[in-house]
Every structure is written in structure tokens, then in C-alpha cells.
Colleague: 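The structure's right below; bear with me while I get my questions together.
Residue indices begin at 1 and follow the sequence shown.
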Amino acid sequence: MRIPRNYSSALLSGRSRTGGNYSLLQSALSKTGRGKRLSRSAQLLSGLQRKNNIFANGTQTSAGAQKLYYNMKYHAGQVCDYGNKLADQGKDSLFAKAKESGSNAEIVANIKGFVGQYNSMLENLRESGTRTDTNYLNQLNSISGLNSSELSACGVTRKSDGTLVVDEKKLEAADLETLEKAWGGKSGFAGRTALWADSVETTAERSMEAKASTSYSKLFNNYGNSGNYFNFFG
């Protein structure tokens, strides 16, 4: 029994269709170092989201898990990027530039970006519910809890579920010293969170690969049991 070349090629390459859920995001992210690493994850995801797949039940379940881990990887990567920028203490850091310019606008923008991605990452970790992801969630909640007073001083409040809420007026009015105390330095909230976010990103990518491998194995096993399935794709 022969597998049509066009189907097997599409399966292995995992190319997304134009206008797919992640095609535009993948294209934008491919310009960055992290984006290049994400492109493989996006290909794995799109390969499991093909319409009219005859293995609908098992593959759709796997595609849902793939989507979750793709989102987790993306949000964790963003938290890592924002966190490292805020934690940097070099001569070209956000805080060094703010001291020269007298403007905290870039710092405030990065904090807002960090908070949005951080909350999404926590949501993904809760949805996953695996032992490893729950451990990440607990570690992140512990860090934010230990830094809650410093965060609150600059307008960022920690809710009971660990997510953060920004009071934009208070944040924008905060002085540079208060902002740096809460967000600056590798041992501060942003720096420590970035380290854990990097681990979350790596684990999410591995989980995607594992799910993809399992799904492809099941698909070909099903083909072995019912060889005429691939006639569906013509």
C-alpha cells in the first residue's frame, strides 16, 4: 500500500496554510533568534490542525495540546525577553538610558508588556496542569509573593491567583528609584522570573515535540490497520 507523496510531504514538513492561525505570527517572529526557534514549533502545530483529518478524535486532541504548548512557549519567551531587558544593569540598559534622558517611558512600556505576557504564561501553566508545569507555577507565585510590596509601590498589584494587575497612572508616576528597586537587577523580580520563564519555554518546546512524535506514530499505526484511509486525501 502506497502513501501518496503529496500527503507524506505535507505531513513531514507541517507547513501552515496561508491565513492560518499562526502563519502571520510565525512570519513576524522568524526575524528574531527566538522566532527562528519558534518556527519549528509552529510547523508542528500546523501539521496537526489540517482540516478534514480522518483521524479527527485523536489528532484534534493532540492539536489542542500542541496549541497550548505553543502558546506557553511563546508567552514564556516574551517574559524572558522583557525580564532580561528590565534586569539588565549595563551602560545601555533601560535604567541607564532613563537616567540620561529623564524619561521612564521605555521602562513603563516594558513593564506593561512583561505583565501581559506573564499573566498569559500563568494561564497556560494552569491549563496544562502537569506536575512540572504546576511546579513552575508555584515557583513563579512564590517569587511574585516575595516581591509583592516592591511591585505594589510602583503600581503593580499581585492578585490571589498570582496574576498581576497594572495601575497605569501609579506606574507612570513612579520615580526611577522605585521602579529600579522593584524591577532592576538579576536577583530582582524580573531577573528571577526570566530564569524560570526560560525553563518554561524549553519544557513547552519539548512537550510539543513529544506530542507531535506520539501523534505521528498513532497516525501511521492507524494507516497500517486501515490502508485505504489515505485514499481520502487523493
Colleague: About how many Å separate OG1 of T132 and CG of L137, when rounded to the nearest 0.5 Å?
Modeller: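 Rounded to the nearest 0.5 Å, the CG-OG1 separation comes to 12.5 Å.
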Colleague: Side chain of T203, backbone of S199: donor and acceptor closer than 3.5 Å?
Modeller: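 The answer is yes, because a donor-acceptor pair under 3.5 Å joins these two groups.
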Colleague: What distance separates L179 CG from L86 CG, expressed to the nearest 0.5 Å?
Modeller: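 It comes to 9.5 Å.
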Colleague: Going by the rule side chain to side chain donor-acceptor pair (under 3.5 Å), which residues pair with T157 if we only count those two or more places apart in sequence or in a different chain?
Modeller: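 None.
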Colleague: To the nearest 0.5 Å, tell me how far N124 CG sits from Y136 OH.
Modeller: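 The OH atom of Y136 is 14.0 Å from CG of N124, to the nearest 0.5 Å.
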Colleague: List the steps and the verdict of side chain to side chain contact (heavy atoms under 4.5 Å, CB included) for N119 and L164.
Modeller: CA-CA 7 Å; N119 288 341; L164 304 176; 4.0 Å; yes
Colleague: Can you list every pair that meets salt bridge (charged side-chain N to carboxylate O under 4.0 Å, His left out) and has a residue in residues 106-123, with sequence neighbours left out?
Modeller: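 Counting only pairs at least two positions apart or across chains, the salt bridge (charged side-chain N to carboxylate O under 4.0 Å, His left out) contacts touching residues 106-123 are K112-E168, K112-E172.
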Colleague: Heavy atoms, side chains only, cut-off 4.5 Å: are S120 and N71 in contact?
Modeller: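 No, every pair of side-chain atoms sits at 4.5 Å or beyond.
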Colleague: Tell me the closest heavy-atom pair linking S144 and G162, and the distance in Å.
Modeller: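 Between these two residues, the closest heavy atoms are OG-O, 4.3 Å.
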Colleague: In the structure I gave you, are the side-chain heavy atoms of K186 and N84 within less than 4.5 Å of one another anywhere?
Modeller: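 Yes, close enough: below the 4.5 Å cut-off.
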Colleague: Any donor and acceptor pair, going by atom type alone, linking the side chain of N147 with main-chain N or O of G188 inside 3.5 Å?
Modeller: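 No, the answer is negative, given that no donor and acceptor are paired below the 3.5 Å cut-off.
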Colleague: Quick one: closest heavy-atom pair of N104 and A98, and the distance?
Modeller: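 Smallest heavy-atom distance, with atoms named: OD1-CB, 3.9 Å.
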Colleague: What is the distance from atom CH2 of W196 to atom CG of L125, rounded to the nearest 0.5 Å?
Modeller: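 W196 atom CH2 to L125 atom CG measures 11.5 Å (nearest 0.5 Å).
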Colleague: For the residue pair K211 and Y69, establish whether any side-chain heavy-atom pair is separated by less than 4.5 Å.
Modeller: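 Yes. Closest side-chain heavy atoms under 4.5 Å.
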Colleague: Can you confirm whether F114 sits close enough to D81 that some side-chain heavy atom of one is under 4.5 Å from a side-chain heavy atom of the other?
Modeller: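 With C-beta onward as the side chain, the pair stays apart.
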Colleague: According to a hydrophobic-cluster definition based on side-chain heavy atoms being under 4.5 Å apart (Ile, Leu, Val, Met, Phe, Trp, Tyr only), do L176 and L171 belong together?
Modeller: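 Per the 4.5 Å side-chain linkage, L176 and L171 are co-clustered.
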Colleague: Do K73 and E205 meet the salt-bridge criterion of a basic N to acidic O distance under 4.0 Å?
Modeller: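 Counted as a salt bridge, because a side-chain N and a carboxylate O are separated by less than 4.0 Å.
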Colleague: Measure the shortest side-chain to side-chain distance between N141 and R158 over non-hydrogen atoms and say whether it is less than 4.5 angstrom.
Modeller: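 Sidechains of R158 and N141: in contact.
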Colleague: Verify, without hydrogens or angle tests, whether S148 (side chain) and G145 (backbone) share a donor-acceptor contact under 3.5 angstrom.
Modeller: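 Yes; at least one donor-acceptor contact below 3.5 Å.
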Colleague: Ignoring hydrogens and angles, tell me if any N or O in the side chain of S93 forms a donor-acceptor pair with the backbone of G90 under 3.5 Å.
Modeller: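 Yes, S93 side chain to G90 backbone: donor-acceptor pair under 3.5 Å.
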Colleague: Which atom names give the shortest non-hydrogen contact between A197 and C80, and what distance separates them?
Modeller: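 Closest pair (atom of A197, atom of C80, distance): CB-N, 4.0 Å.
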Colleague: Does some side-chain heavy atom of W183 sit less than 4.5 Å from a side-chain heavy atom of F95?
Modeller: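 A side-chain contact exists here, since the closest heavy-atom pair is under 4.5 Å.
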Colleague: So do the side chains of M208 and Y70 get within less than 4.5 Å of each other, counting heavy atoms only?
Modeller: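 Sidechains of Y70 and M208: in contact.
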Colleague: Measuring from atom CD of E201 to atom CD of Q78, what distance do you get when rounded to the nearest 0.5 angstrom?
Modeller: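 Spacing of CD (E201) from CD (Q78) equals 9.0 Å.
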Colleague: Going from CG on N110 to CD1 on I107, what distance comes out if it is rounded to the nearest 0.5 angstrom?
Modeller: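 CD1 of I107 is found 8.5 Å from CG of N110.
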Colleague: Just so I know, are the side chains of V156 and F189 near enough to count as touching, which here means a heavy-atom distance under 4.5 Å?
Modeller: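 No, side chains not in contact.
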Colleague: State, to 0.1 Å, how close R126 and D161 come at their nearest heavy-atom pair, and which atoms those are.
Modeller: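 Shortest heavy-atom contact: NH1-O, 3.3 Å.
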Colleague: Show the nearest heavy-atom pair for residues S128 and M72, with the distance to one decimal.
Modeller: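 Shortest heavy-atom contact: CB-CE, 3.8 Å.
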